[in-house]
Amino acid sequence: EWDFEVHRNWLAITHSLPVSRWYHENTSEWTLDYPPLFAWFEFGLSHVAQHFDRNMLLVENLNYDSPATVLFQRLSVIFTDLVFIFAVRECCRCVQEQKGSRDILNRPSFVLAVLLLWNFGLLIVDHIHFQYNGFLFGFLLLSVAKHLQSRHLQGALLFALLLNLKHIYLYVAPAYGIYLLRSYCFTQDNKDGSISWRSFSPLRLIALGSIVGSVCALSFGPFIAMGQLPQVLSRLFPFKRGLCHAYWAPNIWALYNILDKVLVTLGVRLKLLQEAELPRASMTGGLVQEFQHSVLPSITPSITLVCTLLSILPAAASIWWRPGGARGFLRCLLLCALGSFMFGWHVHEKAILIAILPLSILAVESREDAGIFLVLTTTGHYSLFPLIFTPAELPIKAVLMLMFVIYSFTALRKLHSGPVSLLHPLESVYLLGLVVVATACEIVFPLSPWQQKLPFLPLLVTSVYCSVGVTYSFLRLYVSLLRRDEKPKQL
């Protein structure tokens with residue numbers, strides 16, 4: 001697993017080199033590209049690691065994976081997941097329980113605990129593949145829980161720490177910024193729910209600013225003092241990478257790329273395009289590289305930034321003009337996460353979890369959100385399948401995924417019992433189509449003659465099929481948000 005080697009290399013860098021070399025070291029191709037707070041976290045882990053096997057802490061020991069190293073790294077993920085478990089407990093305390101004493105297994109808070117703790121995506125990304133997402137999502141969910149409990153400064157502190165651990169959470173920063181400014185720095189609303197400019201509290205803004213500022217100063221301070229800020233930032237934001245990750249995340253650009261391919265094929269067939277004049281089609285074979293569009297205009301990082309901002313603008317405007325309390329903030333956070341996932345530059349397929357985990361909270365409280373949750377989790381989780389690609393792991397991922405899907409369908413159906421199904425018939429057909437895609441990609445394709453000619457075909461089909469479901473969920477969430485805005489405010 002290359003992510004495994006990435007983190008072993010970072011343990012070695014932080015342990016055996018002076019701080020001034022951390023962001024310059026490039027013996028391994030997996031250079032340190034997380035914010036400084038995460039580097040300090042690896043530094044802390046390395047002091048425990050030396051008691052397992054000192055050789056893993058040598059920078060030049062590339063691809064070193066002794067049994068002791070594997071044991072240490074796997075245990076470190078399990079141990080740091082305690083943060084996640086604690087965060088889940090806090091989130092479950094915030095859930096609105098329905099009236100009437102239900103047995104514990106059918107309570108919203110219990111269902112939420114299972115949906116979060118046994119989340120299929122998190123399980124395979126952290127414990128079968130290898131990363132520290134549980135630990136990071138612990139901070140995100142804890143921060144959301146603090147906002148739901150109206151402890152806004154604690155929520156802001158946790159989010160500031162999270163941003164300095166992994167900057168992918170910048171995706172949801174606009175939701176935090178606008179919510180805290182609007183609902184914390186302005187202390188009251190007018191009778192009609194609009195903003196009361198007089199109620200602005202400079203003290204609260206200073207408190208917020210000093211919390212965020214001091215966390216960033218702690219994290220980046222040493223590097224600014226050494227004049228290394230540009231170097232650190234160039235590592236954190238490598239725009240030299242292509243529009244899409246090695247395996248296309250199921251988003252708008254996957255659909256855009258495939259549309260380009262279809263147009264090229266049609267153009268060549270209809271003799272409108274000369275094949276010789278086309279750029280060498282660099283179809284993704286599994287390495288991060290730039291992809292040139294042949295017919296449609298090529299996409300630059302600035303275009304993706306503008307699209308992302310436009311996609312989250314209505315959500316941000318909605319919590320500014322009609323703040324729906326902490327749950328309105330949670331909705332905006334979801335749309336920011338999904339908007340960035342849909343339109344971002346070089347998006348990792350794992351980023352879909354930033355929307356799936358917080359959506360679990362809304363899914364146990366509202367019927368409509370439960371339907372969206374089922375579509376988004378099933379497609380989002382299935383799109384993570386290519387991360388785990390050896391035949392031996394196929395039954396493991398299939399069984400785990402089925403267990404999670406069956407549980408989420410049955411538990412949410414019981415929770416929101418009623419005559420109408422949680423899913424429209426078309427949504428059910430789409431989700432059943434995933435079974436066909438899975439059978440074709442995982443079982444039929446490897447045995448077919450196309451395996452040699454078109455090795456990337458399963459990735460392509462998976463990505464494009466899943467991007468339809470993700471796009472659909474994004475639009476449904478938007479519609480539900482705007483519908484809520486139209487309704488008069490219930491007091």
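Residue numbers count from 1 along this sequence. Keep in mind it's a predicted model, so treat the numbers as computed, not measured.
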Exercise for the section: Under the side-chain contact (heavy atoms from CB on, under 4.5 Å) rule, what do Y176 and V212 come out as? Steps first, then yes or no, please. Expected result: CA-CA 12 Å; Y176 275 88; V212 176; over 6 Å; no

Handout entry: Candidate pair Y382 and F385, rule ring-ring contact (aromatic ring centres under 6.0 Å, His included), full reasoning
Key = CA-CA 5 Å; Y382 178 72; F385 262 33; 4.8 Å; yes

Practice task
Verify ring-ring contact (aromatic ring centres under 6.0 Å, His included) between F38 and F41, making sure each step is shown before the conclusion.
Solution key: CA-CA 5 Å; F38 196 88; F41 164 72; 5.2 Å; yes

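Without hydrogens or angle criteria, T80 side chain to V77 main chain gives a donor-acceptor distance under 3.5 Å. Proximity of a side-chain donor or acceptor of Y478 to a complementary backbone N or O of A315 within less than 3.5 Å is detected. The backbone N or O of L136 lies less than 3.5 Å from no partner atom in the side chain of K166, so there is not a single donor-acceptor pair. The closest donor-acceptor contact from the side chain of H416 to the backbone of A363 lies under 3.5 Å. Within the 3.5 Å criterion, the main-chain N or O of E365 finds no donor-acceptor partner in the side chain of Q96.
W320 and F186 have perpendicular rings, their planes meeting at more than 60° on a 0 to 90° scale where under 30° would count as parallel.
Here A254 pairs with W248, N251, S463, S467 under the side chain to side chain contact (heavy atoms under 4.5 Å, CB included) rule; sequence neighbours left out.
Here the side chains of Y34 and E42 are not in contact, with every heavy-atom distance at 4.5 Å or above. Counting only heavy atoms from C-beta outward, the side chains of F445 and V461 never approach each other to under 4.5 Å.
Note on residues 404-428: pairs passing salt bridge (charged side-chain N to carboxylate O under 4.0 Å, His left out), not counting sequence neighbours, are E427-R476.
The pair R327-D369 does not meet the salt-bridge criterion, since no charged nitrogen lies less than 4.0 angstrom from a carboxylate oxygen.
Using modelled atom types, one finds no donor on one side chain facing an acceptor on the other under 3.5 Å when comparing T379 with Y430. Side-chain contact of D260 with N257: a donor-acceptor pair under 3.5 Å is absent, judged by distance alone.
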